[in-house]
Structure formats: C-alpha cells, structure tokens
Amino acid sequence: MEHVIKASGLNISYGRDEPIITDASMLVKAHEFVFITGKSGSGKSTIIKSLYGELIPTRGDLSVCGVELKNITSSKLNLLRRYLGVVFQDYKLIDEWTVEQNVMLPLIIGGFSKSVCTKQAHKLLKHVKLLHKINKYPFELSGGEQQRVAMARALAHNPVMILADEPTGNLDSYSSEVIWNLLKGAKEHLGTTIVVVTHNIPSALGIDYKHYFLEGGVLHEVN
Amino acid sequence: MKSISSHFSVIISVFVLLFCFQFANLVNKIVDDYADKITNDYSIIVVSSAEIKEDELKKHVSEVESISEISSKKILDRLKNDMSSKNLALLQVALPKFYSIKLSAMPNKKSIEAIKQKLQSISTITRIETFAKTHEKIFKMFLILQTMAYIFMFFVTSIGVLLIFKQVRIWIYEHNRRMSIMTLFGASFFMKSGILYRMTIVDSLISAFLVCGFYIIVPRLSVVENFAAGLDIVLPTFDILYEGGLILGISLIFAIVVVTIVSRKIGRV
C-alpha cells in the first residue's frame, strides 16, 4: 500500500448544509509526516473527521489505508478505526476510567490480553512521563497531562497512521514538546504515517514533511 | 448512591413484572383447581325409563365425563314394611332408573342449556335436573376475579416496562460520552453496550431470584396457608425447575431485548 490516503474531488459538509470543503484532493504516502494548516474555521478538523470516518464526503473518492470510505459499513469502519490512532484537541478521555485504562482502550478493543495491555500502557505512560499518575482519573490531571495521556492512547496499538487534530493547541511548551517528540519518534522508529492539523508548524521539528494549506474550503499543497 | 438508586429502579421494575407474570400463573392454577373441584362436585341427575350406556350417551353428549347409576335400593328399603314382597318386586321392575352424570369441564349457563337439550333428545330420558343457578354464579365469580387480575397485571406490567425503558435510556445518556469515544477507536456495538448489558442482566437476575424466593416462601407461611384453607383454596406449590427456569429465562430475555432496542435507538454515535 503505497498511499495511505487517497482523496480526489472531495466535498464535505455537515448534514445538508453547504460543503465546508470543496473539491479537495490529497495523496499521503506511507511513513509520511503531513501538516494541514489554515485559519480557524477553515475546515481543518472537518478533513480529519472525514479521514477517520466521522464525516462521510458527499462527493468525490476517499480511501484510507486502502479502504474506500464511500458507503462503508459500520463493521468495516470499526475495523479501519482499529488501525488508526486519533488525537483530539479536547482529548476525549473517558472520565470514569483511570489513566491506565484510557491508554489501554485501543488494545482492549483490539482484543489483546490484559498482560499485554498493562505492559504497553506502562511503557507508553513512561514515555509521556506520566507513569506516576497511572491510577489517576482524567479530571485529576492538567490539560497538558491529559493530552499526553491521549497521545499515549493513540500510540498504544502501533497504528498505521496517527491523525492529530490540533494536538498542542491548548498546551504549555513542555507538553507541546513531549507531543511533537512522540509524533516524530513514531514516524522515525515505527514508520507511522502522521497527519497533523495545526495553526503553526513547529520551527525546530527537524524532519521532512508535506504541507497542505486550507483556505476558503479549498486544499492547496504547499511546496 | 446514584448508581444504587438506578439499579433499584430496574430491580423493582423487573421484580414487579415477573411478580405479575407469576401471579397470573398462580391465579390461573387456583381457578383451574377450583373449577375442577366444582366440576367433580357437580352432577346432572337424569331419570330414564331404560338403561343408559356410557358409550351411547357420550355419542350424544360429548361433554359427559362419566355416568353412574343411583341405586334405588334405599327407596325400596323404605317401602319394605308397607308393601308386600310381590308388589315390591313389581315396583322394582316398574321403577325408572336414576343416573348421576359428571361433566368433563365446569359448565356455564349456556352450555348447561345445550347439554340439557341434547339429553332431552334421548327418548328414554324422562326428567333432567341441572342445578344451573348455583354453579353459574360461582363460575361467573371466578371468571370476574380472573379477568380483574389480568387487567390489573396488564397495567402494572405496562408501567414496569416503561420504567425499565426509561432507566436504560438514562444509563445510555450517562454512558453516551464513553460509548462515542469507544466508537472513534473502532469498538463494536456489543463492546460499547457491554456495561449496560452486564448491569441489566445482573439486575434482572436479582429480580428473578427475589420473585422465586417470594413464591417459594410466602405460600408456606402458616398465615397464608390458614387464609387459603379458609377460602377452600389449595395454593399450588412453586415448581422450581419449570416455573423458576421460566422466570429466569423471561428476565434474561427481557433484559437483553430492552438494552438492545434502546441502545440501537439512541446509541448510534
């Protein structure tokens, strides 16, 4: 599978409203690091939502990890999502679960044994420097810590691709640095494809990346 | 505390539901037993100029369970002192035959009339006594009681079902965020709803055991036994294997169906 994302002539809208994204095309190769930037309200999050199947394009063709998203069944979509790691701006942690349980979520869904889940959760929480908060609940953590937990969760099942929606949007510089290093590490050491929606590309990232810019609902590739 | 109260509302609703179901069974059994009893006590008396054979009679009147001849010996014994043995022998020959007919089921007024007409069509039968009024009243009283019990149970069951649906909806709203996050990571429907299934199944099982316990223990209490004996009612014993299994099965099926319906309806996240 050369291209992890293949999109052409995409129109994406919420319900029957006017499309937010029009005629968007995008090609992302495996192991690539991709940034999608644009102003607030330009539809950056909309694109990410369509990539993990929360929004289905009203026109055009979109395939993710070789799976065509048009007319996809819910069981196929569930299967596809198990190969993706998603990081949300609002973290989306399960409030009544501990940090450890939250990190284990994709592994539980993937049907891994409890010992594998625990081992992997401990390893990742050590990476994001939150091992000491393993039994805490999300509401007991700061925003930066919650996002680091969300990052650990996105990496837990070694996904083919990580989709991150403004992962450092509300974070302090320390947490932001941890997140960028993790994303960079995932690409370099695990060969994970990374697609990040952000306002600003960090200046000192030190890796090659592809850049798409979104303006007025139209996606441009920046050379 | 909130969690305990939400469990209680399901346990109580399912308990009421199963209680009503078993109560309907109990009422049915009691009415059937009583009807059998009345049927056994009830008989139609016929006077015939010739002998009536049971098979012949059943051909004419299908409702007949059995027929037995009432001996005329007592009447003849009473006349022994007043009549000569020759006349007594003549009377014995001339005396018609008396029969008591038992029916297969408790008749109502209409069916008694129908049976009477069928019996009248047999030429040898000269007189029929049916005692219609007394039994009609008892039978009607039982039917009214049974119907009232059913109506009451229908309303209580409806309220129980509505309460359970409402509680599961509340659970789903409470778990909506968790379910939607799990969906984003590819969890299947049953994985997302697993907690709800577990909670409802556990609550239903508790209710089923409570209902079984109630119907096993309460009829054995001396107060209840004396009360039933006063009404000339035998309380049927609770069949743990059959009735207990049925209650357990109903509660489990009900729990699974309710959670599936409600989570499919609301849980599309």
Side-chain angles (χ1 to χ4, degrees), chain A residues 45 48-55 64-65 67 72-88 90-98 101-112 117 137-139 146 149-150 152-157 159-165, chain B residues 1-11 13 164-206 255-269:
Chain A
S45 298
I48 285 281
K49 280 180 183 172
S50 72
L51 293 177
Y52 62 78
E54 195 177 341
L55 283 174
V64 176
C65 300
V67 178
I72 191 168
T73 60
S74 62
S75 57
K76 267 192 178 173
L77 185 60
N78 283 339
L79 208 62
L80 169 67
R81 283 171 173 174
R82 290 175 201 176
Y83 290 95
L84 305 176
V86 192
V87 183
F88 305 90
D90 60 351
Y91 327 128
K92 289 204 193 305
L93 297 175
I94 298 174
D95 299 330
E96 56 272 30
W97 287 13
T98 62
Q101 288 170 323
N102 268 288
V103 175
M104 290 196 307
L105 174 66
L107 297 163
I108 295 167
I109 291 169
F112 289 91
C117 296
Y137 288 89
F139 60 84
Q146 287 189 49
V149 174
R153 180 182 62 184
L155 286 164
H157 53 308
V160 173
M161 175 164 63
I162 289 179
L163 303 169
D165 186 3
Chain B
M1 196 65 201
K2 196 177 148 195
S3 149
I4 291 170
S5 72
S6 80
H7 279 284
F8 260 116
S9 58
V10 172
I11 290 171
S13 307
I164 294 163
F165 267 85
K166 203 179 155 196
Q167 187 53 49
V168 179
R169 268 170 185 264
I170 292 169
W171 278 352
I172 285 167
Y173 284 125
E174 279 176 4
H175 294 272
N176 196 33
R177 186 179 149 79
R178 177 187 56 76
M179 285 165 83
S180 66
I181 293 168
M182 289 179 87
T183 306
L184 294 173
F185 283 87
S188 64
F189 170 80
F190 287 105
M191 195 177 272
K192 284 182 289 179
S193 309
I195 292 176
L196 293 178
Y197 277 107
R198 267 201 298 278
M199 284 198 294
T200 321
I201 287 171
V202 167
D203 290 353
S204 300
L205 286 177
I206 292 171
I256 292 166
V257 168
V258 166
V259 178
T260 308
I261 290 172
V262 183
S263 29
R264 283 228 179 264
K265 205 173 167 190
I266 305 172
R268 288 179 187 142
V269 283

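Just so we're on the same page: letters track the sequence lines, and every chain starts at 1. Hydrogens, waters and symmetry mates play no part in the numbers below; they use all other heavy atoms, side chains included. Computed from a prediction, not measured in an experiment: that's the story for all the values here.
- One finds the CZ atom of B/F185 at 3.5 Å from the CZ atom of A/R153 (value rounded to the nearest 0.5 Å).
- Residue A/Y83 qualifies as open at atom OH: its count of foreign heavy atoms under 6.0 Å is 12 or below.
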Original post:
When you look at B/I181 and A/N102, which way does the side-chain contact (heavy atoms from CB on, under 4.5 Å) test go after all the steps?
Top reply: CA-CA 10 Å; B/I181 293 168; A/N102 268 288; 5.9 Å; no
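- Every residue meeting the side chain to side chain contact (heavy atoms under 4.5 Å, CB included) condition with B/L205, not counting sequence neighbours, appears here in chain and number order: B/I201, B/F209, B/L248, B/L252.
- The CZ atom of B/F189 sits 11.5 Å away from atom CG of A/N78, with the distance rounded to the nearest 0.5 Å.
- Looking at B/R178, both its backbone and its side chain come within 4.5 Å of chain A, counting heavy atoms on both sides.
- Interface residue A/F88: only side-chain heavy atoms are found under 4.5 Å from chain B.
- Closest non-hydrogen pair, B/L184 versus A/E54, comes out as CD2-OE1, 3.8 Å.
- Not counting sequence neighbours, the partners of A/K92 by the salt bridge (Lys or Arg N to Asp or Glu O under 4.0 Å) test are A/D90.
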Original post:
Going through the checks in order, is the side-chain contact (heavy atoms from CB on, under 4.5 Å) test met by B/R177 and A/I94?
Top reply: CA-CA 7 Å; B/R177 186 179 149 79; A/I94 298 174; over 6 Å; no
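- The backbone N or O of B/M182 sits nowhere less than 3.5 Å from a side-chain atom of A/R81 that would complete a donor-acceptor pair.
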